[in-house]
**Q** 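What follows is a single structure, and I will ask about it in a moment.
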Amino acid sequence: MSAKVYLKRAKDGELVQATLCDQITQNHLDQWETTWIPEMKAFAKQRSSASGPEDAHWDWRGKVGKGATFLSHCSFALESNGNLQGMMMANTVVSARLPEQFGKPLVYIEYLATAPWNRPETSNPSRLRGIGSAFVLTAIELSIDEGFKGRVGLHSLSEAEDFYEVKCGMTRLGPDGAHQDLTYFELTETQAESFRRNI
């Protein structure tokens with residue numbers, strides 16, 4: 001299954017059609033290996049850094065393979081102009097932490113990444129905008145389809161914290177010692193509806 005979405009060209013704000021796929025395929029993983037990894041390595045080399053972007057060490061092939069063994073795991077990919085623009089993995093058997101929705105089921109975004117050429121910090125100028133927002137909206141819609149009323153949760157890399165708090169309107173619950181001290185964010189039903197209206 002796939003659906004049309006629209007992203008924005010960074011240089012002029014023009015809308016660009018993209019395809020949201022409801023599964024990360026072998027072709028997507030091949031593109032990740034042949035296009036994303038070299039760009040991340042080149043960025044790290046320019047900065048004389050061994051690590052590069054925070055998610056440079058993510059093994060998407062391994063993550064997708066492991067997730068495929070669980071019915072609760074979903075994967076998504078965004079394509080545009082023949083290129084892989086982003087990937088996301090989500091889990092539907094996680095419970096909320098916020099007091100007003102504690103214990104209720106939500107969609108947990110396990111991994112979300114955009115292609116290195118779409119990131120202002122790794123590509124100047126960047127090519128496309130809106131990948132992260134498109135994936136958060138996808139997670140909200142999945143949450144609604146599952147009967148979770150739009151509730152979404154995730155642990156954020158430090159580079160993305162402002163995006164989730166400011167752009168997405170999620171509630172910051174602070175660092176999680178059980179999850180590499182990454183900051184945990186959660187989206188309520190009301191916040192999800194606000195995001196859907198304003199995106």
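Residue numbers run from 1 in the order of the sequence given.
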**Q** S133 and F163: side chain to side chain contact (heavy atoms under 4.5 Å, CB included), yes or no, with the steps?
**A** CA-CA 9 Å; S133 295; F163 168 73; 3.7 Å; yes

**Q** Can a donor-acceptor pair be found between the side chains of Y108 and E110 at a distance below 3.5 Å?
**A** no

**Q** When you check the side-chain N and O atoms of Q191 and T171, is any donor under 3.5 Å from an acceptor?
**A**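 A donor-acceptor contact under 3.5 Å links the two side chains.
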
**Q** Does this structure show an ion pair linking R172 with E161, if we count only N-O contacts that are shorter than 4.0 Å?
**A** yes

**Q** Is it the case that the side chain of D176 and the backbone of A178 share a donor-acceptor pair, with hydrogens and angles ignored and the cut-off at 3.5 Å?
**A**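 Present.
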
**Q** Give a yes-or-no answer on whether the side chains of Q17 and S80 include a donor-acceptor pair shorter than 3.5 Å.
**A**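 No pair is found: no donor N or O on one side chain lies under 3.5 Å from an acceptor on the other.
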
**Q** Under a 4.0 Å threshold between the charged nitrogen and the carboxylate oxygen, would R196 count as salt-bridged to E141?
**A** yes

**Q** Tell me, do K8 and V16 make a side-chain contact under 4.5 Å, heavy atoms counted?
**A**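 Not touching, per the 4.5 Å side-chain cut-off.
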
**Q** Please answer whether the main-chain N or O of L20 pairs with a side-chain N or O of E79 as donor and acceptor at a distance below 3.5 Å.
**A** no

**Q** Looking at K149, I'd like to know if its NZ atom is crowded, meaning that more than 12 non-hydrogen atoms belonging to other residues, nucleotides or ligands lie closer than 6.0 Å.
**A** no

**Q** Tell me whether Y111 shares a hydrophobic cluster with V136, the cluster being built from Ile, Leu, Val, Met, Phe, Trp, Tyr side chains joined at under 4.5 Å.
**A**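 Y111 does not cluster with V136.
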
**Q** In this structure, are over 12 heavy atoms from other groups packed under 6.0 Å from Q26 atom CD?
**A**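 Above 12, so yes.
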
**Q** Using the ring of each side chain (for Trp, its six-membered ring), is H73 parallel, tilted or perpendicular to F70, with breaks at 30° and 60°?
**A** tilted

**Q** How far apart are the closest heavy atoms of V107 and A90, and which atoms are they?
**A** CG1-CB, 3.9 Å

**Q** Please check if the side chain of R151 supplies one atom and the backbone of P105 the other of a donor-acceptor pair under 3.5 Å.
**A**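 Side chain of R151 to backbone of P105: a pair is present.
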
**Q** Within the 4.5 Å heavy-atom criterion, are L78 and T19 side-chain neighbours or not?
**A**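 Counting from C-beta outward, L78 and T19 never come under 4.5 Å.
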
**Q** Consider only side-chain heavy atoms of I, L, V, M, F, W and Y, link residues closer than 4.5 Å, and tell whether I131 and F195 are in one cluster.
**A** yes

**Q** What do the steps show when you test Y184 against L154 for side chain to side chain contact (heavy atoms under 4.5 Å, CB included), and what is the final call?
**A** CA-CA 6 Å; Y184 180 71; L154 59 88; 5.8 Å; no

**Q** Any side-chain donor-acceptor pair under 3.5 Å between W60 and E33?
**A**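 The answer is no; no qualifying pair exists.
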
**Q** So, S194 side chain and T190 main chain: donor-acceptor pair closer than 3.5 Å or not?
**A**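 No, because the side chain of S194 does not come within donor-acceptor range (under 3.5 Å) of the backbone of T190.
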
**Q** Hey, what do you get for CD (E159) to CD (E121), rounding to the nearest 0.5 Å?
**A**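 If I round to the nearest 0.5 Å, the distance is 5.0 Å.
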
**Q** Any non-hydrogen side-chain atom of F76 less than 4.5 Å from a side-chain atom of I24?
**A** no

**Q** Kindly indicate whether the side chain of I140, heavy atoms from C-beta on, has any atom under 4.5 Å from the side chain of F148.
**A**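 Counting from C-beta outward, I140 and F148 never come under 4.5 Å.
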
**Q** With a 4.5 Å cut-off on side-chain heavy-atom distances among I, L, V, M, F, W and Y, is there a chain of contacts connecting L112 to M170?
**A**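 L112 clusters together with M170.
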
**Q** Does W36 use its side chain to pair, donor to acceptor, with the backbone of W117 at less than 3.5 Å?
**A**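 No, W36 side chain to W117 backbone: no donor-acceptor pair under 3.5 Å.
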
**Q** Under a 3.5 Å distance rule, please check whether E54 uses its side chain to pair with a backbone N or O of S158 as donor and acceptor.
**A** yes

**Q** Could you tell me whether R9 atom CZ has more than 12 heavy atoms of other residues or ligands within 6.0 Å of it?
**A**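 Atom CZ in R9 is packed in, count exceeds 12.
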
**Q** Please report the shortest heavy-atom distance between P120 and N118, naming the atom on each side.
**A** CD-O, 3.7 Å

**Q** If every non-hydrogen atom of M89 is compared with every non-hydrogen atom of G67, which pair is closest and at what distance?
**A** CE-CA, 4.1 Å

**Q** Report the distance from atom OH of Y6 to atom NZ of K4, rounding to the nearest 0.5 Å.
**A**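 So the OH of Y6 and the NZ of K4 are separated by 5.5 Å.
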
**Q** Compute the centroid of each ring, for F185 and then for H155, and state whether the two points are separated by less than 6.0 Å.
**A**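 No, the ring of F185 stays outside the 6.0 Å limit from the ring of H155, centre to centre.
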
**Q** Counting C-beta onward and ignoring hydrogens, is there a side-chain heavy-atom pair between T92 and L142 closer than 4.5 Å?
**A** yes

**Q** How far apart are the closest heavy atoms of A10 and S126, and which atoms are they?
**A**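 In terms of heavy atoms, the two residues are closest at CB-O, 3.1 Å.
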
**Q** Run the numbers on N27 and W32 for side chain to side chain contact (heavy atoms under 4.5 Å, CB included), then give the verdict.
**A** CA-CA 9 Å; N27 178 58; W32 162 72; over 6 Å; no

**Q** Is a side-chain N or O of S72 found less than 3.5 angstrom from the main chain of N91, in a donor-acceptor match?
**A** no

**Q** Kindly compute the distance separating CD (E186) from CD (E100), expressed to the nearest 0.5 Å.
**A**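 E186 CD to E100 CD: 8.0 Å, rounded to 0.5 Å.
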
**Q** I need the minimum non-hydrogen distance between S123 and P116, along with the two atoms involved.
**A** CB-O, 3.6 Å

**Q** Evaluate S95 against K104 for side chain to side chain contact (heavy atoms under 4.5 Å, CB included), listing each step before the verdict.
**A** CA-CA 5 Å; S95 298; K104 294 180 179 180; over 6 Å; no

**Q** Treating S75 as the side-chain partner and Q23 as the backbone partner, does any N or O pair qualify as donor plus acceptor under 3.5 Å?
**A**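 A pair under 3.5 Å: no.
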
**Q** Mark yes or no for whether R119, through its side chain, and T114, through its backbone, hold a donor-acceptor pair below 3.5 Å.
**A**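 Judged by distance alone, yes, a pair lies under 3.5 Å.
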
**Q** On the ring face of F102, is R97 found with NZ or CZ under 6.0 Å from the centre and within 45° of the axis?
**A** no

**Q** Is there a side-chain contact between L7 and L15 (heavy atoms, below 4.5 Å)?
**A** no

**Q** Would you say that K63 contacts W58 through its side chain, given a criterion of any heavy-atom pair below 4.5 Å between the two side chains?
**A**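 In short, these two side chains touch, coming nearer than 4.5 Å.
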
**Q** Check L187, L106, L173 against L98 for a side-chain contact (heavy atoms from CB on, under 4.5 Å) and give me the one that passes.
**A**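 Passing option: L173.
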
**Q** Answer yes if L137 and Y164 sit in the same cluster of Ile, Leu, Val, Met, Phe, Trp and Tyr residues linked by side chain heavy atoms under 4.5 Å apart, and no otherwise.
**A** yes

**Q** Report yes if the side chains of H28 and C21 come closer than 4.5 Å at any heavy-atom pair, otherwise no.
**A**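 Yes; the side chains approach each other to less than 4.5 Å.
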
**Q** Check each of D55, T35, T122 against M40 using the side-chain contact (heavy atoms from CB on, under 4.5 Å) test, and report the only one that passes.
**A** D55

**Q** Say you draw a straight line from SG of C168 to CG of D162; how long is it, rounded to the nearest 0.5 Å?
**A** 11.0 Å

**Q** Spell out, yes or no, whether L84 and V64 are grouped together once hydrophobic residues are joined by side-chain heavy atoms under 4.5 Å, including indirect joins.
**A**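 Both belong to a single hydrophobic cluster.
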
**Q** Hey, are R61 and D30 close enough for a salt bridge, meaning a charged N less than 4.0 Å from a carboxylate O?
**A** yes

**Q** Okay, side chain of D12, backbone of E14: is any donor-acceptor separation there less than 3.5 Å?
**A**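 Judged by distance alone, yes, a pair lies under 3.5 Å.
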
**Q** Does a sphere of radius 6.0 Å around CG in L71 hold more than 12 heavy atoms from other residues, nucleotides or ligands, not counting ones at 6.0 Å or beyond?
**A**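 No - once you tally the heavy atoms of other residues, nucleotides and ligands closer than 6.0 Å, there are 12 at most.
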
